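Data block below; observations after.
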Protein chains: 2
Amino acid sequence: MSDIERTWTIAEIALEFGVTHRTIRFYEDQGLITPERRGTQRIFHPRDRVRLELVLRGKRLGFDLGQIRRIVDMYDQPPGEAGQLRYLLERIAARRLELEQRRHDLELTLAELDEVERRCRADAAGAPKSRRS
Amino acid sequence: MSDIERTWTIAEIALEFGVTHRTIRFYEDQGLITPERRGTQRIFHPRDRVRLELVLRGKRLGFDLGQIRRIVDMYDQPPGEAGQLRYLLERIAARRLELEQRRHDLELTLAELDEVERRCRADAAGAPKSRRS
DNA sequence: GTTTCCCTTTACGTAAACGTCAAGCAAATT
DNA sequence: AATTTGCTTGACGTTTACGTAAAGGGAAAC
């Protein structure tokens, strides 16, 4: 009776997330997503959607697919032994450092954009005749 | 005595700006810089330095070389040419949107890292299989 | 039963931004 | 003169993230 777990086809996923079939199959090749196979067809479950979401966000953040895979792999680690947990914590810490560095660069870039835009608008407004560097 | 206009060699420029010779020649191929040629050698004038500076800043801001080319070309054109300024402002606005999306993604990711870490620590405390200090 | 779709795999192609030889000129030094 | 040093021009190689075409399966529609 219930949609205990809806599933999606590759076309639906591609449309919804704004990527092509090729992209999705490529991500599967890279081990970023692992949709179920019914015969030869791919069946996408909610967890595949979550992972794809993470992948796309990682891309927007400017990570390459290798790094993205390491990131998404962190999310469904089996709660394992203490050693593994410590290792995971280490990687989380490292990733956080990276992200915070990135955030810093981002702020710098936005500030520089503001500055360029400011000068640009000054040029546009200030009856420009000649300019010095 | 009259350093009325100092010039630089490709090696000096490369060292100073932290790029390789290959990069500089590539930028020349792309029409981003046009150093003087004395015989077969390249002679860099202050204006080449200015343009290279613009190129590198554009790269830091995340523009591709095609966009950068349009931007640095503005440098030689009648200052304040309305169309060109508008183009630059458009690119800046678009880039800012991307960066702000990125900042949002960053916050989400950092928050999720916190969450993963929290669960991870709960696991470590709740089901300790081995102890280590 | 055949056409129509959607999906599949395999495989080669592409673009950006250089890297990396290879081979050679030209001035400076020995 | 010979060597070294710095610069030059091709020209092919590299990586990432897919695009694109070829060839075909399986089921649903006609």
Side-chain angles (χ1 to χ4, degrees), chain A residues 6-45 48-49 51-73 98 102 109, chain B residues 6-45 48-49 51-73 91 94-95 98 101-102 105:
Chain A
R6 233 210 97 171
T7 61
W8 290 263
T9 145
I10 191 173
E12 291 168 337
I13 293 292
L15 181 64
E16 177 178 352
F17 288 89
V19 296
T20 68
H21 307 51
R22 181 68 183 88
T23 299
I24 293 181
R25 293 197 298 102
F26 183 73
Y27 289 168
E28 186 183 4
D29 281 352
Q30 303 300 305
L32 294 172
I33 50 181
T34 52
E36 183 196 346
R37 305 304 282 265
R38 189 162 302 160
T40 174
Q41 313 260 115
R42 292 175 178 81
I43 315 274
F44 289 81
H45 294 269
D48 298 311
R49 296 162 50 84
R51 290 190 70 125
L52 183 52
E53 185 73 55
L54 285 175
V55 171
L56 296 180
R57 185 195 297 162
K59 289 217 62 186
R60 288 196 301 272
L61 289 177
F63 292 108
D64 65 40
L65 293 188
Q67 304 185 58
I68 290 175
R69 185 175 51 185
R70 289 199 291 278
I71 294 174
V72 297
D73 281 348
E98 222 181 307
R102 233 162 237 252
T109 306
Chain B
R6 232 210 97 172
T7 61
W8 289 263
T9 145
I10 192 175
E12 289 167 339
I13 294 291
L15 180 64
E16 177 177 351
F17 288 89
V19 296
T20 68
H21 307 50
R22 182 68 185 86
T23 300
I24 293 181
R25 293 198 299 106
F26 182 72
Y27 289 167
E28 185 182 3
D29 281 351
Q30 303 300 304
L32 294 173
I33 50 180
T34 51
E36 183 198 346
R37 306 304 282 264
R38 189 161 301 160
T40 173
Q41 314 259 115
R42 292 175 178 80
I43 314 273
F44 289 81
H45 294 267
D48 299 312
R49 296 163 50 86
R51 289 189 72 125
L52 183 53
E53 187 73 54
L54 285 175
V55 171
L56 296 180
R57 181 195 298 159
K59 290 217 65 185
R60 285 198 305 277
L61 294 178
F63 296 111
D64 64 39
L65 292 189
Q67 296 173 334
I68 290 175
R69 179 172 169 184
R70 285 200 61 178
I71 292 172
V72 297
D73 280 349
R91 300 319 317 162
R95 185 67 186 142
E98 283 173 34
Q101 166 73 60
R102 195 150 164 167
D105 288 331

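Order of the sequence lines sets the chain letters (A, B, ...), proteins ahead of strands, with each chain counted from 1. Note that this is a predicted model, so its numbers are computed, not measured.
Across B:T7 and B:E12, no two heavy atoms sit closer than the pair O-OE1, 4.2 Å. The two atoms that bring A:D73 and A:R51 nearest to each other are OD1-NH2, 3.1 Å, heavy atoms only.
Between the C1' atom of C:dC7 and the CD atom of A:E36 lies a distance of 16 Å, rounded to the nearest Å.
Across B:V19, B:T23, B:L32, a single residue satisfies side-chain contact (heavy atoms from CB on, under 4.5 Å) together with B:V55, and that is B:L32.
Taking the side chain to side chain contact (heavy atoms under 4.5 Å, CB included) definition, one finds that B:D48 meets it with B:P35, B:F44, B:H45, sequence neighbours left out. For the side-chain hydrogen bond (donor to acceptor under 3.5 Å, both in side chains) test, residues two or more places apart in sequence or in another chain that qualify with B:Q101 are B:D105.
Within residues 10-19 of chain B, no residue is approached by DNA chain C to less than 4.0 Å at the level of any non-hydrogen atom.
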Let me see the working for B:I24 and B:H21 under side-chain contact (heavy atoms from CB on, under 4.5 Å), right down to the final yes or no. CA-CA 5 Å; B:I24 293 181; B:H21 307 50; 5.7 Å; no
Test side-chain contact (heavy atoms from CB on, under 4.5 Å) applied to B:I13 and B:R49, step by step: CA-CA 8 Å; B:I13 294 291; B:R49 296 163 50 86; 3.8 Å; yes
Worked verdict on B:E36 versus B:R42 for side-chain contact (heavy atoms from CB on, under 4.5 Å): CA-CA 6 Å; B:E36 183 198 346; B:R42 292 175 178 80; over 6 Å; no
Taking it one step at a time, do B:T20 and B:R25 satisfy side-chain contact (heavy atoms from CB on, under 4.5 Å)? CA-CA 9 Å; B:T20 68; B:R25 293 198 299 106; over 6 Å; no
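Using a 4.0 Å heavy-atom cutoff across all strands shown, A:R37 reaches sugar-phosphate atoms only and no base atom.
When DNA chain D is scanned in the 5' to 3' direction for atoms under 4.0 Å from non-hydrogen atoms of chain B, the outermost contacting nucleotides are D:dC7 to D:dA11.
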Below 3.5 Å, can you tabulate the donor-acceptor pairs from side chains in residues 61-69 of chain A to any protein atom, sequence neighbours excluded?
| from | atom 1 | to | atom 2 | distance (Å) |
| --- | --- | --- | --- | --- |
| A:D64 | OD1 | A:G66 | N | 3.0 |
| A:D64 | OD1 | A:Q67 | N | 2.9 |
| A:D64 | OD2 | A:Q67 | NE2 | 3.4 |
| A:R69 | NH1 | A:Q30 | O | 3.3 |

Under a 4.0 Å heavy-atom criterion, the protein footprint on nucleotides 17-28 of chain C, written with B, S and -, is BBBB--------
